[in-house]
Amino acid sequence: MGFTLFQRDHCPLCDQALDLLAQARLPEFETVWIDDDAVLEVAYGTRVPVLRCDADGRELDWPFSVAALQAFLAG
């Protein structure tokens, strides 16, 4: 199962999310930068960072905790 993290450049919240992803031992994930994409900016602009499960489209919006990440990963 793959995951995508939507984030921005120079985003302190995104940096915090990356720390939590490491603590939760998230398997490999793709990073998508929304800054230069108008469609993604509309979809995620006020929500980043957002973690999406590529298999089923579920999304976990910020703020989240390690416990919330682990529950999300468990499905």
Side-chain angles (χ1 to χ4, degrees):
M1 182 177 340
F3 297 92
T4 301
L5 180 66
F6 294 94
Q7 59 180 325
R8 296 181 173 282
D9 286 327
H10 313 292
C11 170
L13 298 178
C14 298
D15 294 339
Q16 290 177 31
L18 288 169
D19 280 343
L20 292 176
L21 294 175
Q23 290 176 42
R25 299 180 184 233
L26 179 72
E28 291 186 25
F29 60 93
E30 179 182 354
T31 295
V32 174
W33 305 97
I34 70 164
D35 297 296
D36 295 323
D37 186 312
V39 173
L40 292 177
E41 180 69 38
V42 169
Y44 295 104
T46 60
R47 298 171 47 205
V48 291
V50 175
L51 184 64
R52 182 182 68 200
C53 176
D54 299 332
D56 60 16
R58 291 177 302 122
E59 294 183 338
L60 181 63
D61 290 11
W62 186 261
F64 47 78
S65 64
V66 171
L69 275 168
Q70 290 169 333
F72 182 77
L73 296 176

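In what follows, every heavy atom counts, from backbone to side chain, and hydrogens, waters and symmetry copies are set aside. This chain uses plain numbering: 1 for the first residue, then up along the sequence. Since we're looking at a predicted model, the values are computed, not measured.
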Identify the heavy atoms of Cys53 and Phe3 that sit nearest to each other, and give their distance. CA-CD2, 3.8 Å

Heavy-atom pair with the smallest gap, counting every atom of Pro49 and Ala17: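 Heavy atoms of Pro49 and Ala17 come nearest at CG-CB, 3.5 Å.
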
Atom pair [atom1]/[atom2] of [X] and [Y] - distance to nearest 0.5 Å:
{"X": "Leu18", "Y": "Thr31", "atom1": "CG", "atom2": "OG1", "value": "6.5 Å"}
{"X": "Arg8", "Y": "Leu13", "atom1": "CZ", "atom2": "CG", "value": "10.5 Å"}
{"X": "Thr46", "Y": "Asp61", "atom1": "OG1", "atom2": "CG", "value": "8.5 Å"}

Within the structure provided, determine whether [X] and [Y] are in side-chain contact (heavy-atom separation under 4.5 Å).
{"X": "Leu5", "Y": "Val32", "value": "no"}
{"X": "Leu20", "Y": "Ser65", "value": "no"}
{"X": "Leu60", "Y": "Val50", "value": "no"}

Report yes or no: does [X] contribute a side-chain atom to a donor-acceptor pair with the main-chain N or O of [Y] at less than 3.5 Å?
{"X": "Asp35", "Y": "Asp9", "value": "yes"}
{"X": "Arg58", "Y": "Phe72", "value": "yes"}
{"X": "Arg25", "Y": "Gln70", "value": "no"}

Those residues at least two apart in sequence (or on a different chain) that pass side-chain contact (heavy atoms from CB on, under 4.5 Å) with Asp19 are Gln23

Any ring-ring contact (aromatic ring centres under 6.0 Å, His included) involving residues 13-70? Give me the pairs, sequence neighbours left out, ordered by first then second residue. Phe6-Tyr44, Trp62-Phe64

salt_bridge(Arg52, Glu30) N-O dist < 4.0 Å: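 Salt bridge flag = no for Glu30 with Arg52.
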
Apply side-chain contact (heavy atoms from CB on, under 4.5 Å) to residues Leu69 and Leu26 and explain how you reach the verdict. CA-CA 8 Å; Leu69 275 168; Leu26 179 72; 5.9 Å; no

